[in-house]
There are 2 protein chains.
Amino acid sequence: MTAPLPATFAALADPTRLSILNRLAQGEATVNDLAALFPISQPAVSRHLKVLEEAGLIERRIDGTRRPCRLNPQALAPVRGWISELERVMEMNFARLDALLATPERTDNAPDT
Amino acid sequence: MTAPLPATFAALADPTRLSILNRLAQGEATVNDLAALFPISQPAVSRHLKVLEEAGLIERRIDGTRRPCRLNPQALAPVRGWISELERVMEMNFARLDALLATPERTDNAPDT
DNA sequence: TCGTTATATAGCATGAAGCTTATATAATGA
DNA sequence: TCATTATATAAGCTTCATGCTATATAACGA
């Protein structure tokens, strides 16, 4: 259910949706709960929830006429993973640069093709 | 220099910009380097870089007529932080729920002091 | 100074996102 | 079955992001 990274980030790029997620960290909430909490209409909330659901960030269950939402705790793992990978690559290249600079007698300026 | 979270996420929401960041993890690159790497025009790359810079995700230096970009390693810390906080709150509430369910004789709806 | 290279900006077209109101669907309860 | 409540969808509007081409600016080298 984890969406591609750009889609996940797009879902996170809206302040209202971030607030919704922050709220959901405290536990389930229905569409109307959320609509009461934010200064936008109920249809607007429904759309935000759809975006969040399609990004895999929330899940919903059916309780009579209600459809309470809750966070999907795993959805943010790819984000963590991407950041970690980015930092890993970055440090790898810092390390290489350091190694290069640590051998000053050999200024190996590889002639850029 | 760290932008508000929604702005950061918005900057990360574009596939081309994500690719640019991935590339920059390996080291500096100029606008033209990047323009050659992706199937979009140089002006389009310039705009993407502007977005990334305004989000604090990259920094630039001046080298003659070039303006090489590099990652700002600190920019993603708030993202990590937000995720951690979200998970913290979530687990806190799981714990409270567990505690509640573990004491069935005492349905202590403690009004939080 | 002049031509070249590197980057930025302007102007425009297009498509997507977000909002609203109005309405449809679905489950509940009398 | 009918009214009510909860949520979803439709239609329309506005704003914004992205891409392009054309052009401006800036630094360099001769």
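Just so it is clear: chains get the letters A, B, ... in the order the sequence lines come, proteins before strands, and each one is counted from 1.
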J.: Would B/Arg66 and B/Glu28 satisfy salt bridge (Lys or Arg N to Asp or Glu O under 4.0 Å), going step by step from the backbone distance to the final call?
T.: CA-CA 11 Å; B/Arg66 294 181 211 138; B/Glu28 283 189 349; over 6 Å; no
J.: Round to a whole Å and report the spacing from CG of A/Asn32 to P of C/dA27.
T.: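 So the CG-P distance, A/Asn32 to C/dA27, works out to 17 Å.
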J.: Has the side chain of B/Arg17 got a donor or acceptor atom that lies under 3.5 Å from a matching backbone atom of B/Leu49?
T.: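 Absent.
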J.: Can you give me the first and the last nucleotide of DNA chain D (5' to 3') that has an atom within less than 4.0 angstrom of a non-hydrogen atom in chain A?
T.: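 Here the contact window of chain A covers D/dA6 to D/dT9.
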J.: More 5' along DNA chain D: A/Thr65 or A/Arg47, using each one's nearest nucleotide?
T.: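 Upstream on the strand: A/Thr65.
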J.: Heavy-atom distance under 4.5 Å between the side chains of A/Arg61 and A/Arg70, does that happen here?
T.: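 Result yes, sub-4.5 Å side-chain heavy-atom pair found.
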J.: In whole Å, what is the span from the CG atom of A/Asp63 to the C1' atom of C/dT28?
T.: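 One finds 12 Å between C1' of C/dT28 and CG of A/Asp63, rounded.
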J.: When you compare the side chain of B/Glu59 with that of B/Glu53, does any pair of heavy atoms fall below 4.5 Å?
T.: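 When only atoms from C-beta onward are counted, B/Glu59 and B/Glu53 do not touch, as no gap falls below 4.5 Å.
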J.: Is there a chain of hydrophobic side chains (I, L, V, M, F, W, Y, each step under 4.5 Å between heavy atoms) that links B/Phe38 to B/Val31?
T.: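 In one cluster with B/Phe38: B/Val31, yes.
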J.: Which parts of residues 12-20 of chain A get close to DNA chain D, meaning a heavy atom less than 4.0 angstrom away?
T.: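 Listed by number, there are none.
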J.: Identify, with sequence neighbours excluded, every residue that meets side chain to side chain donor-acceptor pair (under 3.5 Å) alongside A/Glu85.
T.: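 Result, side chain to side chain donor-acceptor pair (under 3.5 Å) vs A/Glu85: A/Arg88.
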J.: Identify, between A/Gly64 and A/Ile40, the residue whose nearest nucleotide on DNA chain C lies closer to the 5' end.
T.: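 Between the two, 5'-proximity favours A/Ile40.
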J.: Rounded to the nearest Å, what distance is computed from the CZ atom of residue A/Arg67 to the C1' atom of nucleotide C/dA27?
T.: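 These atoms are roughly 8 Å apart.
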J.: Grab the CD-P distance between A/Gln42 and C/dG18 for me, whole Å please.
T.: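 Rounded to whole Å, this separation is 17 Å.
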J.: Which part of the nucleic acid does A/Ile62 contact within heavy-atom distance under 4.0 Å: base, sugar-phosphate only, or nothing?
T.: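 Counting heavy atoms under 4.0 Å across all strands, no contact is made by A/Ile62.
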J.: Taking the side chain as every heavy atom from C-beta outward, state whether A/Leu12 and B/Leu5 have any pair of such atoms under 4.5 Å apart.
T.: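 Not in contact.
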J.: Go nucleotide by nucleotide along DNA chain C from the 5' end; which of B/Pro68 and A/Ala44 gets its closest nucleotide reached first?
T.: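 Taking each residue's closest nucleotide, the earlier one in sequence belongs to B/Pro68.
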J.: Going by heavy atoms in the side chains, are B/Thr30 and B/Leu34 under 4.5 Å from each other?
T.: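 A side-chain contact under 4.5 Å is absent here.
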J.: Does a side-chain heavy-atom distance below 4.5 Å link B/Phe9 with A/Thr8?
T.: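 No - every pair of side-chain heavy atoms lies 4.5 Å or more apart.
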J.: Rounded to the nearest Å, what distance is computed from the CG atom of residue A/Leu52 to the C1' atom of nucleotide C/dG18?
T.: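 My rounded result for the distance is 14 Å.
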